[in-house]
Asker: 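What follows is a single structure, and I will ask about it in a moment.
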2 protein chains.
Amino acid sequence: MAADEVLRARVRQLMALTDGSQRAFAARVGIEPSKLSRSLAGKRRFTPWELARIAETGGVAVDWLLGGDGTPVPPDEAPAGHRDQRRDEILVAAWRLIAERGYHSVRVADIAQACGTSPAAVHYYFPTKQDVLNEALRYCVEQAFTRQRAELGLIDDAHQRLVRLVEMQLPWPGRVRDEWSIWLQFWSEAALRTELRPAHNEFYARWREAVVRIISKGQRQRVFRQDVDPEDAALRFTALTDGAAIQVMTGAPGMTLDRMRGLLLGFIDRELVA
Amino acid sequence: MAADEVLRARVRQLMALTDGSQRAFAARVGIEPSKLSRSLAGKRRFTPWELARIAETGGVAVDWLLGGDGTPVPPDEAPAGHRDQRRDEILVAAWRLIAERGYHSVRVADIAQACGTSPAAVHYYFPTKQDVLNEALRYCVEQAFTRQRAELGLIDDAHQRLVRLVEMQLPWPGRVRDEWSIWLQFWSEAALRTELRPAHNEFYARWREAVVRIISKGQRQRVFRQDVDPEDAALRFTALTDGAAIQVMTGAPGMTLDRMRGLLLGFIDRELVA
DNA sequence: CATCTGACTGACTCACCAGTCAGAAGGTCT
DNA sequence: AGACCTTCTGACTGGTGAGTCAGTCAGATG
């Protein structure tokens, strides 16, 4: 069975597990019913954003959708209820505000207003502001990972996968730039407040691990040189990416999105490609 | 005349211009009189920290001390008076607090306490807190540059100079780590508040320019490959440095000071050395 | 139908902190 | 001696924003 057939089967299986029609499922996922229908029929490909949303709504890993092992719905991770929905809404509002105004300039009242609710409602879900903000950082990064996985899982060739990763990481204005803004904040907070480090380092390890796996895969596929240490190359690749992103984000002279792309693709060509 | 002879002559010249004894000069610079005396006699080398302090106290550029052209004391930059001394004291306290606690967690009262004065005294020198903090960021970076110049100006071989630069940039606990902390804060602030970008970008351009010059010098000295574009190599070198520093600062798994050094020296060896 | 519970509101309190202001202390100039 | 300036203090004000709390209300439960 081809990869996309597996995917369609898995989405159908997930739909069967949750109650309600295909139309209701589409609504919950936030995708037009006609698009869902065409995608299930194989006449249209799911976008990575949709895959990420489907996995999230269904409470499964994107990996499972793409053919991975494991139970479709782990017993303790049932589909999100109403309560969790509101919680998520608050977290989304919070991380967007952090990205836009900065960690320390976000007020509980701002978050509440962005959700169309009252400050007290935010405190109903999170005891303190710190809790909202720290959770929001995690939430944003988690979502970004999910999307990344959804998109990269569809590409088989390791070289192309890495090139795609570079493209996905370019801080174009909009969502990706906001996510980079979160990273910058995360870094300065984690450098100062050690209690944020475990969370930060877990994420960072995952991001670097993802690069290590792509490089190793590329070596097995013989598209990357055999004489580079994947760990070492990933360390350099991630450092270069972060450093370049900072320069784009701060508008450093001579650094543009195109230049950043060139920098990273150049690294891949010079250091990795066989 | 050898480089260190020029240096000694210039320091003497500077001392002659400011009134007071050699002992008084030593006190103002914050160096033991005996050390100054031995350094002037050529029996001891000035440390880069001392050079930076001497230049600052005398109101001259470190370049001039090292034999550069220009007047020793530009008319509008006469040696710092009492007023400026107190101002500097506030700025030093401010940037250290920012490095330690973070930009947004510094209170005017904290700065005042660190200087042994009252909050109102801080407002006497700076109209608003914003002014103190922004000035403090600039001040810290400016001082770091001065020290860097003082140290690197003594090394003639471009390869060794770059290696020394790497060593100086490693965020060992203490002053250098604090300076990196300032950079992290500067980045996240500059990414969010465009009014900080001109200052940030000026500094960043200077830092990258310094690297460009070292690489170009190395090409003229034939210690670096001729086929690399200095601008391009500097862009990559700075991005790599910043990215690696972030990982050290946040305690990212597998990234240590030694690893950072290896990363950067590896870059120099692989990409620059002839 | 009565009761209970989860989700929430509006009005409040309280701490904190930037910035102000009227002078004091000490020095300099005339 | 006295006018005047610089530097600084201590006590104050006003605004802001986190967190609390009593109460509301829709819907579930028995």
Side-chain angles (χ1 to χ4, degrees), chain A residues 19-20 24 28 78-98 100-137 139 185 189 192-193 195-196, chain B residues 19-20 24 28 78-98 100-137 139 185 189 192-193 195-196:
Chain A
D19 36 32
R28 267 212 304 291
H82 174 238
R83 183 186 167 85
D84 294 313
Q85 250 172 281
R86 197 49 186 263
R87 213 183 111 95
D88 286 1
E89 208 183 332
I90 292 169
L91 291 176
V92 170
W95 84 251
R96 289 200 173 270
L97 283 165
I98 296 173
E100 204 177 300
R101 304 188 195 173
Y103 191 90
H104 295 276
S105 305
V106 177
R107 314 274 151 241
V108 176
D110 298 334
I111 300 170
Q113 199 183 11
C115 302
T117 183
S118 66
V122 175
H123 283 296
Y124 177 74
Y125 288 96
F126 302 90
T128 70
K129 188 175 90 154
Q130 282 282 327
D131 294 317
V132 198
L133 295 184
N134 294 347
E135 274 288 307
L137 291 181
Y139 188 88
Q185 322 254 343
E189 289 304 311
L192 294 168
R193 296 177 17 220
E195 70 267 25
L196 278 177
Chain B
D19 35 32
R28 267 211 304 290
H82 175 238
R83 183 186 168 86
D84 293 313
Q85 249 171 281
R86 197 49 185 257
R87 212 183 112 96
D88 286 1
E89 207 183 334
I90 292 170
L91 291 176
V92 170
W95 85 252
R96 289 199 174 271
L97 283 165
I98 296 173
E100 204 176 300
R101 304 189 196 172
Y103 191 89
H104 295 276
S105 305
V106 178
R107 313 275 150 241
V108 176
D110 299 334
I111 301 171
Q113 199 182 10
C115 302
T117 184
S118 65
V122 175
H123 283 296
Y124 177 76
Y125 288 95
F126 301 91
T128 70
K129 189 175 90 154
Q130 281 283 327
D131 294 319
V132 199
L133 295 184
N134 293 347
E135 275 287 307
L137 290 182
Y139 187 88
Q185 321 255 343
E189 288 304 310
L192 294 168
R193 296 176 18 217
E195 70 267 25
L196 278 178

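The sequence lines fix the lettering, A, B, ..., with proteins before strands; numbering per chain opens at 1. Just so it is clear, the model here is predicted, and its values are computed rather than measured.
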Asker: With a 4.0 Å cutoff (strictly under), does any side-chain N or O of A:Arg86 reach OP1 or OP2 of C:dG6?
Answerer: no
Asker: Nearest whole angstrom, please: distance from the C1' of D:dT9 to the OH of B:Tyr125.
Answerer: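 It is 13 Å, rounded to the nearest whole Å.
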Asker: Might you point out which heavy atoms bring A:Ala94 and A:Ala136 nearest each other, and give the distance in Å?
Answerer: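 It is CB-CB, 3.7 Å.
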Asker: For A:His123 and D:dG19, what is the distance between atoms NE2 and C1' respectively, to the nearest whole Å?
Answerer: 5 Å
Asker: Taking atom SG of A:Cys115 and atom CD of A:Glu89, what is their separation to the nearest 0.5 Å?
Answerer: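 Answer for the SG-CD pair, A:Cys115 versus A:Glu89, is 5.0 Å.
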Asker: Starting from C1' on C:dT20, measure out to CZ on B:Phe126 and report it in whole angstrom.
Answerer: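 My rounded result for the distance is 18 Å.
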Asker: Return the value, rounded to whole Å, for the distance between atom CD1 of B:Ile90 and atom C1' of D:dT7.
Answerer: 11 Å
Asker: Hey, what do you get for OH (B:Tyr125) to OG1 (B:Thr117), rounding to the nearest 0.5 Å?
Answerer: 8.5 Å
Asker: Return the nearest nucleotide to the side chain of A:Ala121; candidates are D:dA18, C:dT9, D:dC8.
Answerer: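 Comparing D:dA18, C:dT9, D:dC8 against the side chain of A:Ala121, the answer is C:dT9.
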Asker: Taking only nitrogen or oxygen atoms into account, show me every contact under 3.5 Å that the protein makes with nucleotides 11-16 of chain D, one pair per line with its distance.
Answerer:
none

Asker: Are any of the side-chain heavy atoms of A:Phe126 and A:Leu91 separated by less than 4.5 Å?
Answerer: yes
Asker: Could you state the CZ-C1' distance from B:Arg87 to D:dC8, rounded to the nearest angstrom?
Answerer: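 That distance rounds to 17 Å.
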Asker: Out of curiosity, A:Tyr124 OH to A:Ile90 CD1, how far, rounded to the nearest 0.5 Å?
Answerer: 10.5 Å
Asker: In Å and rounded to the nearest 0.5 Å, what is the CZ to CD distance from A:Arg193 to A:Gln130?
Answerer: 4.5 Å
Asker: May I ask you to decide if B:Gln85's main-chain N or O and B:Asp88's side chain share a donor-acceptor pair within less than 3.5 Å?
Answerer: no
Asker: Quick one, which residues of residues 109-119 of chain A touch DNA chain C with a heavy atom under 4.0 Å?
Answerer: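 Here the set is A:Thr117, A:Ser118.
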Asker: If you round to the nearest 0.5 Å, how far is CD of B:Gln185 from CG of B:Leu133?
Answerer: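 Interatomic distance, B:Leu133 CG to B:Gln185 CD, rounded to 0.5 Å: 10.0 Å.
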Asker: Only counting residues at least two apart or in another chain, list the ones meeting side chain to side chain contact (heavy atoms under 4.5 Å, CB included) with B:Gln113.
Answerer: none
Asker: Considering residues at least two apart in sequence or located in another chain, which fulfil the side chain to side chain contact (heavy atoms under 4.5 Å, CB included) criterion with A:Glu100?
Answerer: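 With sequence neighbours excluded, A:Glu100 shows a side chain to side chain contact (heavy atoms under 4.5 Å, CB included) to no residue whatsoever.
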Asker: Would you mind reading off the distance between B:Asp88 atom CG and D:dT7 atom P, rounded to a whole angstrom?
Answerer: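 Atom-to-atom, B:Asp88 to D:dT7, this comes out as 14 Å.
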Asker: Between B:Tyr124 and D:dT9, is there a contact of a side-chain N or O with OP1 or OP2 at under 4.0 Å?
Answerer: no
Asker: For DNA chain D, determine which residues of residues 127-135 of chain A have any heavy atom closer than 4.0 angstrom to one of its atoms, and list them numerically.
Answerer: A:Thr128, A:Lys129
Asker: Got a sec, which residues hit side chain to side chain contact (heavy atoms under 4.5 Å, CB included) with A:Leu97, two or more places apart in sequence or on another chain?
Answerer: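 Result, side chain to side chain contact (heavy atoms under 4.5 Å, CB included) vs A:Leu97: A:Arg101, A:Val106, A:Asp110, A:Ile111, A:Ala114.
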